[in-house]
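Quick note: numbers below take in every heavy atom, side chains included, and nothing from hydrogens, waters or symmetry partners. In what follows, every chain begins at residue 1, and chains take the letters A, B, ... in the order their sequences are listed.
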Amino acid sequence: MGMNLGIDFSSLLQWNDFTVDLVAFAVKFAILVGGLLQLPPLLVWIERRVPALMQRRRGPNRVGIFKWRLYGLLQSLADTVKLIFKEEVVPDGAHKVFYHLAPVFCVFPAFLVACAIPYGPDLTIYGYKIPLSVVRMDVGFLFIFAISSLAVYGVSLAGWASNNKYSLMGSLRASAQMISYEIPLGMSLIPIVLIYGTLDLGKIVEAQTSFFQWGVFAAPLSLLIFVICMFAETNRAPFDLAEAEGELVAGFHTEYNSAKFAAFFLGEYVSMFVLSCLASTVFFGGWQVPFVSYDALVAMLGSPNFVAPVGILMLLLKASFFMWVYIWVRWTLPRFRYDQLMSLGWKFMLPIGLANVVGTAIVLAVLRFK
Amino acid sequence: MNPYIPVIIVLIFGVVLGGILSGLAAFLGPKKYSREKMDPYECGVPKVTAGSEKMSVKFYLTAILFILFDIETVFLYLWARTFKELGWLGIIEIAVFVLILVVGYIYVVRRGALEWD
Amino acid sequence: MEAFYFVPEMLFYAISGLILLSSIMVVAARNPVTSAIFLVVDLFFVAALYAQLDAHFTAAIQVLVYAGAIVVLFVFVIMILNLKPDALRGIRFSLGEALVLLITLAGFVIVGSELAHTAPDLTMPGNLGSAAIEMAGGNTYVVAMRMFTAFLWPFEIASVLILLAIVACVMIAKKDKRVTKS
């Protein structure tokens, strides 16, 4: 009998490089997705409580189970349930396919990019080395930029398919802003490549062994440019021009409601998180613990496998700092005007980014080549 | 394992997740039709002109300049990756490349192509 | 022996099928936005094909520049002009366009015959010396080294081409409003 499908079933039933890779991938990916899906409710809660604190109000604090109110944490849960069970109103003139497809384009790039971040040092289980990023590749940065550049279609399709002139205007603004700031964003990481000589995020983290070898000390200007572009790429305040209520109702997602609106939120929060992780990885040493080298940690804890959870925690801590900056800035700075935003991107960020590359290259060349 | 096999799996998952979220509403929510609800939302005022109008050509200019400078950035990445190995020679090569583009950039600024008014 | 050793081949045919399908949709779709989105899908799967050949750098650039930048321009143009479905229906081939079509076909024939002539080693997609590339320092490194040594002139000429494109697009878009600096 034996129909040969080209599958070697016997090798699937034993541990080898391939099966270990496959199982490790499945486990890592499941954990990552599980974690990322928890992000929006948590962040929405923080984003309501923190400004309340800043403005001396209370913020949501009523929703709870019986008498436990958990500082209003369950408000987000209630809102999620509400969003999912709401009636979906698709406006009459909306495009029948792209209206529904736009949120998909917003969600999948964010998740794909999240897979390229190294969340911790390698695990070693029964002699098999398991890196703690879901996909690891030598083009690192370029993969991240390539995939996140696809998020523009979510925004522009949403506006175009809604058949609302405010949506269209908002989506054109938002997508023009996203592409304009993609260039300084890309340029801000070139000094990092110059310094560490690699595009592989895992290797960049490994190179930042001691505190003063962190990227932020080698390329402080890059960090500044990167953080500014982070805000513009995610359409967050002070660059949330697409959602300027006074002019454009709610921007490209004016006509979206219920679960599709939630999908836009999910995409936005996941990409905020990913950019925060990227900033921590590149500038703040990723999973490295400040002042304690990896080898010292291994000696202290006894096994590299015990260092991994510490590393993951460290990265999450650093990333949450950037997330905090996101929310902090939103309630501190007023919104830019659109022409100011575009001139900032093209006339200031672009030349500064290029000068940063040139300056770093010259300094490095003088130091290294003699 | 080729690193792109996980990428393909993740891609499929991302599309499915987006699709589920996108489709969820259609199955779970109530459906009550009313004529007014289906109109484009313009803060409650009846819509004045058709759904979409012609937009500024500025956006076109932004998009095309983006492509050109994006390509420049990619070349810079290539050079940065081999910075150590190429040494001063690489710096001279990339300097010529960047200088030619800086001329273009100055032209764009001087012609006022980046003014949004 | 690796399980699923058939995967590379199967993937190759699956991806090629998707490329062909989306290419047909690009041409056949009545709505310009549909065409543009299928073009993104098309270019994305071409990148997948590159990735399968272990040309990871080329794959990333394919997505970054083609799918993520050039089609954005197309989408912008469609949105700015507010093209409706079938807006491009009535257009007939002009002499110039027919000429372009002919030149493209000629290019196909030349590249095809060149490929047939040199007969590259197409034994198995995905396994074209990936270990060798890894040894040499990775795909990006190899491409960069070749570009900055053997292909230096094309690289520098590329910058002149980009400069020309910058000047041309500014001249087209800013035709009537010349800003006079005082």
Could you work out, with side-chain contact (heavy atoms from CB on, under 4.5 Å) as the rule, every residue matching [X], not counting sequence neighbours?
{"X": "C:S23", "result": "C:I19, C:D42"}
{"X": "B:I106", "result": "B:V102, B:R110"}
{"X": "B:I12", "result": "B:I8, B:V16"}

Which answer fits [X], side chain, backbone, both or neither, if we ask what part of it has an atom under 4.5 Å from a heavy atom of chain C?
{"X": "B:F75", "answer": "both"}
{"X": "B:L68", "answer": "both"}
{"X": "B:F97", "answer": "both"}
{"X": "B:Y60", "answer": "both"}

So how far is it from [X] [atom1] to [Y] [atom2], rounded to the nearest 0.5 Å?
{"X": "C:T149", "Y": "B:L89", "atom1": "OG1", "atom2": "CG", "result": "9.0 Å"}
{"X": "C:C169", "Y": "B:L61", "atom1": "SG", "atom2": "CG", "result": "5.0 Å"}
{"X": "B:E85", "Y": "C:F148", "atom1": "CD", "atom2": "CZ", "result": "12.0 Å"}
{"X": "C:I172", "Y": "B:I64", "atom1": "CD1", "atom2": "CD1", "result": "7.0 Å"}

Do you know which of C:L152, C:I61, C:L161, C:V160 has the most heavy-atom pairs with chain B at a distance under 4.5 angstrom?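 Going by pairs under 4.5 Å, I would pick C:L152.
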
What closest approach, in Å, do [X] and [Y] show between heavy atoms, and which atom pair accounts for it?
{"X": "B:L78", "Y": "C:T140", "result": "CD2-O, 3.8 Å"}
{"X": "B:D70", "Y": "C:L64", "result": "OD2-O, 3.7 Å"}
{"X": "C:E156", "Y": "B:E93", "result": "OE2-O, 2.7 Å"}
{"X": "C:I80", "Y": "B:F59", "result": "CD1-CB, 3.7 Å"}
{"X": "B:I100", "Y": "C:S159", "result": "CD1-OG, 3.2 Å"}

Among residues 65-76 of chain C, which ones touch chain B with a heavy-atom distance under 4.5 Å? C:V65, C:G68, C:A69, C:I70, C:L73, C:F76

What part of C:F155 lies closer than 4.5 angstrom to a heavy atom of chain B: side chain, backbone, both or neither?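 It is both, since atoms from each part get that close.
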
Under a 4.5 Å heavy-atom cut-off, does chain B meet the side chain of C:M145, its backbone, both or neither? both

Would you say that C:I166 contacts B:L101 through its side chain, given a criterion of any heavy-atom pair below 4.5 Å between the two side chains? yes

If you tally heavy-atom pairs under 4.5 Å against chain C, which of B:V74, B:L99, B:V98 wins? B:V74

